[in-house]
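Working notes, structure below.
Below, chains carry the letters A, B, ... as their sequence lines are ordered, and counting in each starts from 1.
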2 protein chains.
Amino acid sequence: MPDAIPVLRSAKPGAEASAERPAYDLIELFFFAYRDFVSDPDRILDEYGFGRAHHRVLHFVDRQPGLTIAELLDILRITKQSLNRVLKELIEKRFIESRMGTSDRRQRLLHVTPQGHDLALKLAKLQTRRIARALTDLDSAAKESVTRYLLSLIDPDDRSHVERLVFGSAKV
Amino acid sequence: MPDAIPVLRSAKPGAEASAERPAYDLIELFFFAYRDFVSDPDRILDEYGFGRAHHRVLHFVDRQPGLTIAELLDILRITKQSLNRVLKELIEKRFIESRMGTSDRRQRLLHVTPQGHDLALKLAKLQTRRIARALTDLDSAAKESVTRYLLSLIDPDDRSHVERLVFGSAKV
DNA sequence: GAGATATGTCAACAACGCTGACGTAAATAA
DNA sequence: TTATTTACGTCAGCGTTGTTGACATATCTC
């Protein structure tokens with residue numbers, strides 16, 4: 001019986017804009033999905049004595065060979081002291097190499113070692129498997145919807161920066 | 001010039017299943033989106049001397065009045081010691097009330113106070129605003145795609161549990 | 001009454017954020 | 001050339017939030 005009665009869809013008429021019903025579904029699904037999404041790599045990272053912070057550093061250095069410390073700090077939004085703690089371990093354990101900059105010798109250009117690349121790829125594939133499984137339920141247009149949704153959740157100031165980082169150097 | 005040449009879409013023919021290209025786009029967008037999504041409430045929580053752990057507890061108690069400790073532990077997947085630390089503060093500061101169970105007097109039934117509800121709602125609306133903004137770019141079908149995608153990212157064992165929690169007690 | 005269950009608590013520790021201060025080398029401006 | 005700024009490293013200390021292990025108490029169930 002569709003539209004038998006014109007139901008008061010958005011609560012009382014007196015309710016103003018601030019009375020919009022919270023999007024509990026998307027808020028909570030985001031929480032649970034992210035929780036499980038990051039939990040996959042944890043088991044493997046444990047074997048190496050690494051944590052999630054190491055994963056993030058390794059991931060972005062693998063993706064952007066030659067990344068500088070300043071650029072990495074900008075991506076991760078943490079302090080250099082926090083970064084240095086985990087980066088030092090990744091270098092000591094030979095997962096990342098730090099080379100002096102060529103044009104500017106104050107910079108450190110970060111690169112993964114073959115061992116570092118293997119681990120980064122292993123972790124990325126784990127997460128890709130979960131993503132692929134989730135996408136099989138959906139049609140091809142849906143993937144673009146998801147991509148655009150996630151991108152739009154990002155702070156507007158950062159969005160183009162992230163776009164370049166994620167989709168490559170191609171000017172968007 | 002679509003399909004002018006049948007391009008080798010998935011790399012070399014010798015490549016097996018394990019050679020699937022990692023979904024770097026969705027991996028990284030998920031990271032950045034979640035980072036910004038949880039950052040909104042931080043500013044407000046700071047004013048109350050609360051952190052993200054407090055937020056999560058307050059949120060689920062607000063959503064599920066009468067929640068027990070055991071149920072909350074199951075949702076958050078942390079230890080009771082970790083939970084107790086933040087829950088104690090929320091109770092001391094009168095954002096949550098703990099009432100003795102009626103049928104089972106060992107249980108603690110958790111409820112938000114009016115003050116607790118106000119804060120929970122305020123934070124939920126903040127996050128809702130970001131979500132609403134992201135959804136405006138998309139058509140109505142897209143929201144369902146996003147919902148189903150997030151749900152499918154969750155561990156299969158937990159999925160129906162989360163569905164009940166998120167979409168209400170209605171048997172799905 | 002015995003044992004299982006729901007919760008609370010003490011103590012110690014680990015990961016990973018933070019601030020603040022200080023040092024060094026290299027690039028750049030004056 | 002000297003002065004300043006920039007890029008990075010490091011020491012020290014602290015806060016939040018997760019962990020393990022052990023133990024106490026009240027209550028329910030058998």
Looking at DNA chain C, which of [range] put a heavy atom within less than 4.0 Å of it?
{"range": "residues 72-86 of chain A", "value": "A:Arg77, A:Ile78, A:Thr79, A:Gln81, A:Ser82, A:Arg85"}
{"range": "residues 92-112 of chain A", "value": "A:Ser103, A:Asp104, A:Arg105, A:Arg106"}
{"range": "residues 29-56 of chain B", "value": "none"}

Practice task
Hey, can you tell me if B:Tyr48 and B:Phe50 have their rings parallel, tilted or perpendicular (30° and 60° cut-offs)?
Solution key: parallel
Flag side-chain contact, heavy atom, 4.5 Å: [X] against [Y]:
{"X": "A:Tyr34", "Y": "B:Val38", "value": "no"}
{"X": "A:Ile27", "Y": "B:His59", "value": "yes"}
{"X": "B:Ser39", "Y": "A:Arg77", "value": "no"}
{"X": "B:Phe95", "Y": "B:Leu119", "value": "yes"}
{"X": "B:Ile75", "Y": "B:Arg56", "value": "no"}
{"X": "B:Arg108", "Y": "B:Met100", "value": "yes"}
{"X": "A:Phe167", "Y": "B:Leu29", "value": "yes"}
{"X": "A:Asp62", "Y": "B:Tyr24", "value": "yes"}

Exercise for the section: Have a look at A:Ser98 and tell me which of A:Val61, A:Ile91, A:Leu90, A:Leu87 forms a side-chain contact (heavy atoms from CB on, under 4.5 Å) with it. Expected result: A:Ile91
Problem - Given B:Asp42, B:Thr128, B:Asp118, B:Leu45, the one that forms side-chain contact (heavy atoms from CB on, under 4.5 Å) with B:Leu123 - result: B:Leu45
Practice task
Determine, for B:Arg130 against A:Asp155, whether the closest basic-nitrogen to carboxylate-oxygen distance falls under 4.0 angstrom.
Solution key: yes
Handout entry: Donor-acceptor pair, side chain of B:Arg159 and main chain of B:Leu151, under 3.5 angstrom
Key = yes
Handout entry: Under 3.5 Å donor-acceptor, B:Gln127 side chain and B:Asp40 backbone
Key = no
Handout entry: chain A contact limits on DNA chain C, taken 5' to 3' with a cut-off of 4.0 angstrom to heavy atoms
Key = C:dC16 to C:dA27
Quick one: side chains of residues 63-73 of chain B, donor-acceptor pairs under 3.5 Å with protein atoms, not counting sequence neighbours, listed by atom name and distance.
unit_1: B:Arg63; atom_1: NE; unit_2: A:Glu28; atom_2: OE2; d: 2.6
unit_1: B:Arg63; atom_1: NH2; unit_2: A:Glu28; atom_2: OE1; d: 3.1
unit_1: B:Arg63; atom_1: NH2; unit_2: B:Leu165; atom_2: O; d: 3.4
unit_1: B:Arg63; atom_1: NH2; unit_2: B:Val166; atom_2: O; d: 3.1
unit_1: B:Thr68; atom_1: OG1; unit_2: B:Glu71; atom_2: N; d: 3.2
unit_1: B:Thr68; atom_1: OG1; unit_2: B:Glu71; atom_2: OE1; d: 3.4
unit_1: B:Glu71; atom_1: OE1; unit_2: B:Thr68; atom_2: N; d: 3.0

Handout entry: Opening and closing nucleotides of DNA chain D in contact with chain A, under 4.0 Å to non-hydrogen atoms
Key = D:dT6 to D:dC11
